[in-house]
Amino acid sequence: MPSRRDFIKAGAAGVLGAALVRPHHLIASEPALSLTASEGRVVFGSDQENPTRVMYYNQSIPGPLIRIPQGRESVIRFHNGLDEASSVHWHGLRIDNAMDGVPDLTQAPVRPGERFEYRLTPPDAGTYWYHSHMRSWAQLALGLAGVLIVDERNPPPVDQDLVFAIDDWRLDRAMQLDTASLGSMHDWSHAGRLGNFITVNGNTETTYPVASGERIRLRLVNIANARIMNLLFHEPQISVVAVDGQPVKPYAPGSGRVILAPGQRTDLILDMTGAPGDSSIIELVIGEYAYEIASFSYGQEVRREQLPDTSIALPENPANRLRLPDQLQHVPLLMEGGAMGGMRSATFEGREMDIRELVQRNKVWAINGVVGMTEEPLFRVRRGTAISLDVVNDNSWPHAMHVHGHHFIDDRNPGTWRDTTLFNRAERGAMQFIADNPGKWLIHCHMVEHMAGGMVTWFEVT
Ligand code: C2O
Ligand code: CU
């Protein structure tokens with residue numbers, strides 16, 4: 001369990017200098033948006049002397065906030081300014097397979113200096129994100145991620161629409177990313193790469209100005225490699241209105257806690273009932289400690305005396321209108337491996353190997369006894385087939401399972417369409433969906449070290 005000392009104290013908000021690259025917005029009113037990946041430096045704390053080397057999109061940590069309209073095509077021109085190959089995956093969007101950004105499955109890796117044009121026509125509105133899908137255990141840890149919002153045609157009225165892109169970095173005393181530990185087998189076989197420095201929108205302990213009586217939509221996005229974010233809100237009036245982009249019947253999260261596994265999103269509506277001059281903090285809970293990661297500060301203005309009486313429910317998405325039939329095609333999905341997992345052997349590259357040989361190849365996880373990507377998919381079905389992925393998490397670690405190109409119902413929480421769901425150790429559950437998007441799609445753990453270590457497979461819709 002990490003202790004408070006494991007966390008480096010960063011400079012307080014307000015002293016961040018101009019050298020900090022602030023997130024800026026890209027809005028799809030221009031004919032095409034452009035996204036350039038490159039290496040550079042940003043200042044995280046107050047220490048201007050030691051900017052941190054990162055990889056970023058458009059010189060911004062996180063990448064620019066992209067807003068595109070629902071149901072219409074947006075063009076995003078990606079330029080790879082890195083000196084290694086990359087690609088961009090649009091996490092949670094039910095889009096054309098050729099635009100899904102998975103190197104060697106849906107497209108060729110984008111080589112240094114090359115460009116790739118992504119054409120996105122998202123059917124569903126909501127909160128999504130984008131990230132590198134090339135060596136993501138390294139490129140994500142170094143900063144290649146950003147938030148993507150698909151705007152509703154008629155968004156519900158709010159006074160502020162805020163985004164918290166929450167990330168977890170592993171920094172050394174000189175505020176540099178610990179790159180020596182990238183690829184560490186210890187991380188890969190345990191919980192994944194956990195950091196010691198939490199940022200919200202690239203900042204630490206940022207204060208967001210609010211007004212008494214305001215209604216705020218807050219979009220939470222966990223863009224960390226592997227950390228499950230356990231957030232604690234102290235505002236009394238909080239409702240969850242969407243998860244992973246898809247609207248849910250609004251509900252109050254129990255005791256102000258919101259848990260986000262890597263890759264997951266939650267949209268909240270906050271009715272700010274504090275008085276002018278109040279403040280309220282948002283904390284990240286780790287073990288028995290809670291760390292402030294951001295705060296709301298009430299100004300002197302009173303926006304309204306009474307809460308607005310308009311509904312906070314979001315308009316339904318096409319994804320929510322899918323109905324699962326009674327008959328589903330069942331596909332078992334047994335997750336094995338990792339430290340303290342007892343996996344003795346598994347098949348890798350077509351050959352049964354014992355765990356020692358697997359570890360030498362940096363492979364420590366298996367799905368149905370098979371490690372990593374294979375020539376043949378886990379299953380191949382005709383378009384429209386209803387699938388139940390029957391998951392047994394038979395190892396000692398939690399996993400955030402993500403299905404590309406589709407939203408599914410987690411049978412442990414029916415009524416909610418997700419694209420990423422958490423299985424705790426020894427948990428079972430089913431991810432049920434209609435395979436209605438033709439192409440080749442990944443299923444993997446979003447603790448990206450686990451994916452790199454073998455917890456990834458794919459399916460094909462014909
Ligand atoms: Cu967000 Cu395959 O990933
Ligand atoms: Cu995992």
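When a ligand or atom number is given, it counts from 1 through the structure's own listing order. Sequential numbering from 1 along the given sequence is applied to the chain's residues. It should be emphasised that the depicted structure is a prediction, and the values quoted were computed from it without experimental measurement.
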What N/O/S atom of His131 gets nearest to atom 1 (Cu) of ligand 1? NE2

Closest to atom 1 (Cu) of ligand 1, which N/O/S atom of His91 is it? ND1

Can the ring centroids of His406 and Phe433 be said to lie less than 6.0 angstrom from one another? yes

Is Val221 close to Phe164 at the side-chain level, that is, under 4.5 Å between some pair of heavy atoms? no

Does some side-chain heavy atom of Phe197 sit less than 4.5 Å from a side-chain heavy atom of Asp168? no

For the Cu ion (ligand 2): the N/O/S atom of His399 at shortest distance: ND1

Minimum-distance N/O/S atom that His450 presents toward the Cu ion (ligand 2): ND1

Metal proximity, His89 vs atom 1 (Cu) of ligand 1, N/O/S cut-off 2.8 Å: no

Looking at [atom1] of [X] and [atom2] of [Y], how far apart are the two atoms once the value is rounded to the nearest 0.5 Å?
X: Gln176; Y: Phe44; atom1: CD; atom2: CZ; value: 10.0 Å
X: Thr416; Y: Asp410; atom1: OG1; atom2: CG; value: 8.5 Å
X: Glu376; Y: Thr457; atom1: CD; atom2: OG1; value: 11.0 Å

I'd like to know: is atom 2 (Cu) of ligand 1 within the 2.8 Å range of an N/O/S atom from His404, strictly under that distance? yes

For atom 2 (Cu) of ligand 1, decide whether His402 has an N, O or S atom at a distance under 2.8 Å. no

Return the name of the atom in His133, of element N, O or S, nearest to atom 2 (Cu) of ligand 1. NE2

Whether His446 has an N, O or S atom under 2.8 Å from the Cu ion (ligand 2): no

Take Glu449 and Asn225 through the test side-chain hydrogen bond (donor to acceptor under 3.5 Å, both in side chains) and record every step on the way to the result. CA-CA 8 Å; Glu449 293 72 27; Asn225 278 44; 2.8 Å; yes

